[in-house]
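See below for the structure under consideration.
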There are 2 protein chains.
Amino acid sequence: MADSTDPRVTRSREAILSAARELLREDGPAAVTHQNVAKRAGVGRATVYRHWPQPRMLLDDTMAGVRMPFFRDPAPPVRPWLARQMRTLADELALPEVQAVTAALLHGTPEEPDASARREHLIATISGQLGTALDSATRTGELQPSADLLDAPATIIGPLVFRSMFERRPVTDAMIDHLLNALGTWTAPST
Amino acid sequence: MADSTDPRVTRSREAILSAARELLREDGPAAVTHQNVAKRAGVGRATVYRHWPQPRMLLDDTMAGVRMPFFRDPAPPVRPWLARQMRTLADELALPEVQAVTAALLHGTPEEPDASARREHLIATISGQLGTALDSATRTGELQPSADLLDAPATIIGPLVFRSMFERRPVTDAMIDHLLNALGTWTAPST
DNA sequence: TGCTTCTGAGTCAAGTTGTCTCATAAGATG
DNA sequence: CATCTTATGAGACAACTTGACTCAGAAGCA
């Protein structure tokens with residue numbers, strides 16, 4: 001049943017998850033209840049319970065379905081790679097779904113006590129990737145950091161989050177550029 | 001009744017709001033229900049309904065009771081004033097209450113459709129104060145901005161928010177200093 | 001075709017929400 | 001101190017939600 005290929009199952013699951021994502025996006029995590037989801041998905045309430053006995057799991061899978069922005073596969077030269085990642089991150093942070101999940105990560109609902117763990121994991125991954133990339137840039141001489149690189153995630157990503165989620169305005173390329181400059185002195189690698 | 005001085009009323013109201021704040025801090029906005037608040041405050045459920053017929057209003061007043069960090073009363077020289085404000089903001093962002101309200105601002109609960117308005121107002125106030133201060137610093141020559149000052153709120157406050165709410169680590173004075181430097185070139189005013 | 005499995009509709013108990021009533025006690029007024 | 005006023009807590013109440021269960025029937029499979 002878990003990995004069933006029965007088309008009825010997949011159809012139900014997809015309808016349910018899609019409805020759940022809509023609800024999460026529109027009304028927040030609290031709205032992702034079995035009843036709401038069933039009604040929105042045009043599916044029997046019992047069916048939702050069958051697939052996700054606990055509401056926590058439903059919200060979990062719903063959030064997992066929203067691709068959270070990562071800093072994947074660092075590759076030299078670091079600066080243009082970082083700029084691309086920041087651009088992607090900024091664009092994704094503009095999506096209501098991603099905003100909803102991000103907000104949900106910040107204060108776990110009562111039914112989602114794992115929000116802290118999920119948040120920590122996300123942050124650890126991002127910081128790890130970013131740290132690796134910046135360390136390597138420092139080692140190759142591409143970057144001379146002007147401050148503790150442990151502050152880099154906050155310095156770089158913080159403004160993007162603030163701009164997207166608090167100010168709700170688009171992140172400009174100029175802003176990304178300026179944030180990169182604030183990290184330290186960049187030297188174009190041997191071309 | 002609204003501005004009653006009856007000690008019974010004030011006693012009830014304070015007990016209720018205090019309990020509501022605790023719940024908001026501990027379990028998030030969704031936990032601020034009449035029932036929960038009444039039980040926690042040791043007060044009849046009807047009493048809570050009497051004072052706040054709509055749950056929205058209760059959550060509203062609860063959030064209003066949490067002092068949100070502002071950038072008040074800009075005064076030259078701007079740089080040390082800004083550093084102090086950022087220190088204060090960072091310290092407040094470390095408080096669970098402030099974090100809960102901030103998170104609630106990011107995604108209004110269904111019962112709190114005014115969250116957007118509240119968020120916009122808060123951001124507008126902060127950006128306004130910050131903009132005024134930085135403009136004046138630019139005019140007096142204290143600051144030569146290295147980027148669009150409209151990005152300043154995101155550049156300055158974003159990292160503090162990210163550090164406090166996502167990374168959950170303390171903001172160092174060195175980080176504040178570095179963020180200020182990233183704004184542009186500062187010139188000590190005539191001493 | 002016949003067999004298996006998933007589905008939707010519906011029932012049910014337990015709990016929550018919002019509204020109302022009423023005796024009581026706390027506070028104001030003389 | 002006596003009396004009037006008003007907020008309070010307890011409880012009753014219907015409407016609704018939640019989670020668990022049953023069952024006939026439809027969809028998929030052999």
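When reading the values below, keep in mind they use all heavy atoms of this one structure, side chains included, and skip hydrogens, waters and symmetry mates. As the structure is a prediction and not an experimental result, all values here were calculated from the model. Residue numbers start from 1 in every chain, and the chains themselves are labelled A, B, ... in the order their sequence lines are given, proteins ahead of strands.
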Counting only side-chain nitrogens and oxygens, does B:His51 get under 4.0 Å of the OP1 or OP2 atom of D:dT8?
yes
Which nucleotide in the list C:dT7, C:dT17, C:dG27 gets nearest to the side chain of A:Thr47?
C:dT7
Which nucleotide in the list D:dC21, C:dG27, D:dG9 gets nearest to the side chain of B:Ala46?
D:dG9
List the steps, then state whether salt bridge (Lys or Arg N to Asp or Glu O under 4.0 Å) holds for B:Asp177 with B:Arg79.
CA-CA 10 Å; B:Asp177 217 55; B:Arg79 199 191 151 125; 3.0 Å; yes
Give the rounded distance in Å between these two atoms: CG of B:Asp6 and C1' of D:dT8.
10 Å
Please check if atom CD in A:Gln144 has more than 12 non-hydrogen atoms from other residues, nucleotides or ligands closer than 6.0 Å.
no
Output the rounded distance in Å from NZ (B:Lys39) to P (D:dG9).
15 Å
Atom NE2 of A:His34 and atom P of D:dC16 are separated, to the nearest Å, by 22 Å
Could you state the atom-to-atom distance from CD of A:Gln54 to C1' of D:dA20 in whole Å?
13 Å
I'd like to know if B:Arg45 reaches the base of C:dG18 with its side chain such that a donor and an acceptor end up less than 3.5 angstrom apart.
yes
By nearest atom, which of the nucleotides C:dC6, C:dG18, D:dG19 is closest to the B:Tyr49 side chain?
C:dG18
Judged by atom type as modelled, is there a donor-acceptor pair below 3.5 Å linking the side chain of A:Thr102 to the main-chain atoms of A:Val98?
yes
Could you verify whether a donor N or O on one side chain and an acceptor N or O on the other, from A:Ser146 and B:His178, lie under 3.5 Å apart?
yes
Between CD of B:Gln35 and C1' of D:dG11 the distance, given in whole Å, is 13 Å
Once you round it to whole Å, what is the distance between P of C:dC20 and CZ of B:Arg50?
12 Å
Any side-chain N or O of B:Ser12 below 4.0 angstrom from OP1/OP2 of D:dT8?
yes
Residue pair A:Val43/B:Arg11 against DNA chain C: nearer the 5' end by closest nucleotide is A:Val43
What is the distance, rounded to the nearest whole Å, between atom CD of A:Glu14 and atom C1' of C:dC6?
16 Å
For the pair made of CG in A:Asn36 and P in D:dC16, what is the distance, rounded to whole Å?
15 Å
Evaluate the criterion side chain to side chain donor-acceptor pair (under 3.5 Å) for residue pair B:Asp61 and B:Trp52; output intermediate values, then yes/no.
CA-CA 9 Å; B:Asp61 283 1; B:Trp52 291 274; 2.8 Å; yes
Classify the side chain of A:Arg8 versus the base of C:dG8 as yes if they form a donor-acceptor pair under 3.5 Å and no if they do not.
no
